[in-house]
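See structure below.
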2 protein chains.
Amino acid sequence: MILAAESVATFAGLLADRSRAAMCLALLDGQAWTASELARHAGIGRPTATEHLNLLVAAGLLAEVRQGRCRYLRLAGPQVARLLEELAEMAGQPERPRSLRAVRASADLAAARTCYDHLAGALGVALFDALMSAGLLTNGDGLAVTDAGRAWFTELAGPDALAPASGRQLLRSCLDWTERRPHLSGALGAALCQQFLRRGWVIRCQGSRAVRLTGSGAAAVDRLLGLELAAS
Amino acid sequence: MILAAESVATFAGLLADRSRAAMCLALLDGQAWTASELARHAGIGRPTATEHLNLLVAAGLLAEVRQGRCRYLRLAGPQVARLLEELAEMAGQPERPRSLRAVRASADLAAARTCYDHLAGALGVALFDALMSAGLLTNGDGLAVTDAGRAWFTELAGPDALAPASGRQLLRSCLDWTERRPHLSGALGAALCQQFLRRGWVIRCQGSRAVRLTGSGAAAVDRLLGLELAAS
DNA sequence: CGGACAGTTCGGCGCATGCCGAACTCTGGC
DNA sequence: GCCAGAGTTCGGCATGCGCCGAACTGTCCG
């Protein structure tokens, strides 16, 4: 019992540092970053970043892939992403943006962003609502895909999107921390996000988790879901 | 974005200390402890405990009630308990019990314990399974109470147990970290646990989250659920 | 009123750890 | 082969913070 306290403390300590937390939160975009990028993002030197990243990888929070002279880092899995989101939510938002640029940036984030591997923000919530009211998903005590939904997702993303993903839950609703309402997560949420990116319906904003809905994206959601949104 | 890192780090830092973690984990039993009890449990002096508890209360992790010269502490809410459970699970179990007594204690915990405010361990999982196979709960894409279940719970715990609890989810399944299978959580899980304690079907083991199934408890679960368990 | 006890405040000690600069290693490209 | 750039190792500095003992406040009880 007292040993558990020790290991919980050690584990929490991994995220109890401003630099390590900044790096982990950056990785919530679901992509792999190089060590140098993470160092710059956290505002620290490369040596220090190396130390931090070694810790995080050893603890199983981060996974690494070495390619040539670059070391790519990503979150070790969805549970880690989930934990980070919860932590970020409970940590509250005492963040009162102090520059116009920061306001602009956080407005972009609130409009549309990726949340690890799926879409979030106002866009994510709007999509979720549209999927529900179009009868493609139901929420009768737990999320489920309807028959119409199966057809819809198969046409969009191929039959694999609905295949029993390797141990991962197909549908999950994730509480959006800007909208305070749920959006679609889980394997299907990830597949949806992937298609939106691949088809150019949304594009990533440089160096941020924010994404922009393109003209073709707006047209697509109108056509497929009857959802009228403005491109940005 | 960088501000969020700061607050996440600060928040995680609250649990990144062995003593604070020990106190929080102790409070996972769902009961209120006095400051001195927590200090003793964490193996630190009262002055140090006061500092830690002030931090945890200020951060909203713990709630306090002052009565006379005693200061009672409890977890601030179910989300906190959930976060702690997740953290404890991810922190893994590098705990290789080193004394016979520790083995015995962890065996007790695995058999039956409280998980914040509901029953867990082998007992919790067995009850959950029995509720399902008796047709009182269903899990067709999300937990739900059947009509038979409504009658059963009303008889056991009164109609309030099924009332729309103040904002809290009625049913939740919580992954048991010893059994690796789900047990009943949420408001109904809490009500069930409360009845078991009130009726003397289980009793708390001193200074631990473990509980013991009594003889009358074993008889009751057999009568009500057809579940044959040995008292311990 | 006085003793017992829970909790708090204060000052100071000592360790843990986050940080950097400088030097080193490895890979890829010309 | 040599240079550029990514990453690592090392030594040392500075700060933060967890801890305690001693003294103080407040409550309950006889």
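Predicted model, so just to flag it, every value in this text is computed and none were measured.
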> Phosphate oxygens OP1/OP2 of C:dC20: is one of them under 4.0 Å from a side-chain N or O of A:T48?
Replying inline: yes

> Parallel, tilted or perpendicular: which describes the rings of B:F196 and B:W201, with under 30° parallel and over 60° perpendicular?
Replying inline: perpendicular

> Expressed in angstrom and rounded to an integer, what is the separation of B:E51 atom CD from D:dC19 atom P?
Replying inline: 9 Å

>> What is the separation between atom CZ on B:R40 and atom C1' on C:dG7, rounded to the nearest whole Å?
In response: 14 Å

>> Heavy atoms only, 4.0 Å cut-off, all strands: where does A:T50 land among base, sugar-phosphate and nothing?
In response: base

>> Quick check on D:dT8: is either OP1 or OP2 less than 4.0 Å from any side-chain nitrogen or oxygen of A:R66?
In response: yes

> A:P47 has a side chain; which of C:dA22, C:dA6, C:dG18 sits nearest to it?
Replying inline: C:dA22

> Have A:S216 and A:T214 got a donor and an acceptor in their side chains that come within less than 3.5 Å?
Replying inline: yes

> Over how many whole Å does the gap from A:L38 atom CG to C:dC19 atom P extend?
Replying inline: 14 Å

> Is a side-chain N or O of B:R74 found less than 3.5 angstrom from the main chain of B:V65, in a donor-acceptor match?
Replying inline: no

> Hey, is A:E86 close enough to B:R82 for a salt bridge, meaning N to O under 4.0 Å?
Replying inline: yes

> Is any side-chain nitrogen or oxygen of B:R69 closer than 4.0 Å to OP1 or OP2 of C:dT8?
Replying inline: no

> Does A:H52 put a side-chain nitrogen or oxygen below 4.0 Å from OP1 or OP2 of C:dT17?
Replying inline: no

> Is there a donor-acceptor pair closer than 3.5 Å between any side-chain N or O of B:Q195 and the backbone N or O of B:L192?
Replying inline: no

>> Could you tell me how far apart A:D17 (CG) and D:dC17 (P) are, to the nearest whole angstrom?
In response: 11 Å

>> When you measure from the side-chain N and O atoms of A:R46 to the phosphate of C:dG21, is any distance below 4.0 Å, counting only OP1 and OP2?
In response: no

> Over how many whole Å does the gap from A:N54 atom CG to D:dG7 atom P extend?
Replying inline: 12 Å

>> Between C1' on D:dG7 and CH2 on A:W33, what's the gap in Å once rounded to a whole number?
In response: 18 Å

> In whole angstrom, what separates A:L55's CG from C:dA16's P?
Replying inline: 15 Å

> So, is A:S19 close to the C:dC19 phosphate, meaning a side-chain N or O under 4.0 Å from OP1 or OP2?
Replying inline: yes

> Does a nitrogen or oxygen in the side chain of B:R18 sit under 4.0 Å from OP1 or OP2 of D:dC19?
Replying inline: no

> Rounded to the Å, how far apart are A:R71 CZ and D:dG5 C1'?
Replying inline: 17 Å

